[in-house]
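Step one of this worksheet: look at the structure below.
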Protein chains: 2
Amino acid sequence: MQFSSRLPIATHILLCIVTFDGKEKLTSDFLAGSVNVNPVIIRNTLGKLKTAGLVKVDAGIGGAHLAKDPQQITLLDVFRAVEEEDDLFHFHDNPNPDCPVGCHVHDVLDDKLDGVNDAMKAQLASICLQTLIDDLQHKIQSEKE
Amino acid sequence: MQFSSRLPIATHILLCIVTFDGKEKLTSDFLAGSVNVNPVIIRNTLGKLKTAGLVKVDAGIGGAHLAKDPQQITLLDVFRAVEEEDDLFHFHDNPNPDCPVGCHVHDVLDDKLDGVNDAMKAQLASICLQTLIDDLQHKIQSEKE
DNA sequence: ATGCGTTGTAACTATTGACATTACAACAAA
DNA sequence: TTTGTTGTAATGTCAATAGTTACAACGCAT
């Protein structure tokens, strides 16, 4: 069981936007070429990022740009933009209320699982887009040499 | 996107085993009654827990018991027993190698996403079965009053 | 040793979500 | 108005979860 590829794809898109802004026209076709998925996936993802206030998209003429400073965007922002914000774990539906265990599992487990959820979110929040950009630039530079 | 209900179900089963051991015969039918899922799901889950060395199951006669001290079992053990151990995030398959972004996203993102993975695992590892049992007993006691 | 209740599995189905793809209306600039 | 693009709906495919039925293998009790 794992998450969809939405977060990686969205991050890839953001990195492209920063890298190519001003140099290329960032249409969904262009982005689809780098990410290597269908342009409609790009448009849907871009739509979610736009709703979340992370990017601006020029309808008609085409092209996407960041709406915020890369230092102000964390992976948690991206995650929340593209994934449904629900609990990490899916609790089984109807534990038996007449069983001493069944009627309390929820109470006992929910807190702990929320903690796991929070740990994951905190880690995502600790990574900002600027860091990724710096890493990326570094890789690109060291490749040229 | 979220995990399956396997971890909650497996934890529920373990709590039942501890709570009812010696008092009830812990057949898959009995457990299915508390968890409220199909007995086959219980048997499959129990099979995974057995493979992981967490429980012992008496075939034929029926009945399940812990194979380890509840203090020695963490939620990470349970998680690993019942979920496929793969990366939390599914990376999109073939980023364009001819694009400066596409050929480096993996390098840039993998470490960070592994970090998120590790954070989640660490949190799971910090919760042991004994703690859950204590919590559960406490809830049961305070209800009686 | 035979019958009974249980486990271990395989097979089948239904449901859901991810992702790809086609199609087309809405939109903005030249 | 033409052109290229976005936004979005509709559809198809695939994989995973979970429910269910069925039955062989197993182990105790009589």
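Residue numbers start from 1 in every chain, and the chains themselves are labelled A, B, ... in the order their sequence lines are given, proteins ahead of strands.
Atom CG of A:Asn38 is separated from atom P of D:dT11 by 18 Å (rounded to the nearest Å). Look at CD on A:Glu83: it is 10 Å from C1' on C:dA18, rounded to the nearest Å. Spacing between atom CD1 of B:Ile41 and atom P of C:dT7 amounts to 15 Å, rounded to whole angstrom units. Computed from coordinates, the A:Arg6 CZ to C:dC19 P distance equals 6 Å when rounded to whole Å. Atom CZ of A:Phe30 and atom P of D:dT6 are 12 Å apart (whole Å). The distance between atom CD1 of B:Ile42 and atom C1' of D:dG19, rounded to the nearest whole Å, is 13 Å. Atom CG of A:Asp58 is separated from atom C1' of D:dT6 by 10 Å (rounded to the nearest Å). At whole-Å resolution of the value, CD in B:Glu84 and P in D:dA16 are 9 Å apart.
Contacts between residues 43-53 of chain A and DNA chain D, defined by a heavy-atom separation below 4.0 Å, involve A:Arg43, A:Asn44, A:Lys50, listed by number. Interface residues of residues 7-26 of chain B facing DNA chain D, ordered by number: none; criterion, heavy-atom separation under 4.0 Å.
In terms of modelled atom types and a separation under 3.5 Å, the side chain of A:Asp77 and the main chain of A:Thr74 share a donor-acceptor contact. Under a 3.5 Å cut-off, the side chain of A:Asn36 and the backbone N or O of B:Asn94 do form a donor-acceptor pair. Formation of a donor-acceptor pair under 3.5 Å by the B:Lys25 side chain with backbone atoms of B:Ile61 is found in this model. A donor-acceptor contact shorter than 3.5 Å is absent between the side chain of B:Thr19 and the backbone of B:Cys16. At least one donor-acceptor pair closer than 3.5 Å links the side chain of B:Thr27 to the backbone N or O of B:Phe30. Without hydrogens or angle criteria, B:Asn96 side chain to B:Gly102 main chain gives no donor-acceptor distance under 3.5 Å.
Looking at A:Val35, A:Leu31, A:Leu14, A:Val82 one by one, the single match for side-chain contact (heavy atoms from CB on, under 4.5 Å) with A:Ile9 turns out to be A:Val35. Residue A:Asp134 is tested with A:Gln137, A:His138, A:Gln130 for a side chain to side chain donor-acceptor pair (under 3.5 Å); the sole match is A:Gln130.
Nearest heavy atoms, B:Phe79 versus B:Met120: CZ-CE, 4.0 Å. Nearest heavy atom pair, residue B:Val55 against residue B:Leu46, reads CG2-O, 3.9 Å.
Interatomic distance, A:Lys68 NZ to A:Leu129 CG, rounded to the nearest 0.5 Å: 11.0 Å.
Side-chain atoms of A:Ser5 lie closest to C:dC19 of the nucleotides D:dA18, C:dC19, D:dT6.
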Between the protein and nucleotides 25-30 of chain D, which nitrogen or oxygen pairs are less than 3.5 angstrom apart?
none

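A:Val40 comes within 4.0 angstrom of a base, heavy atoms only.
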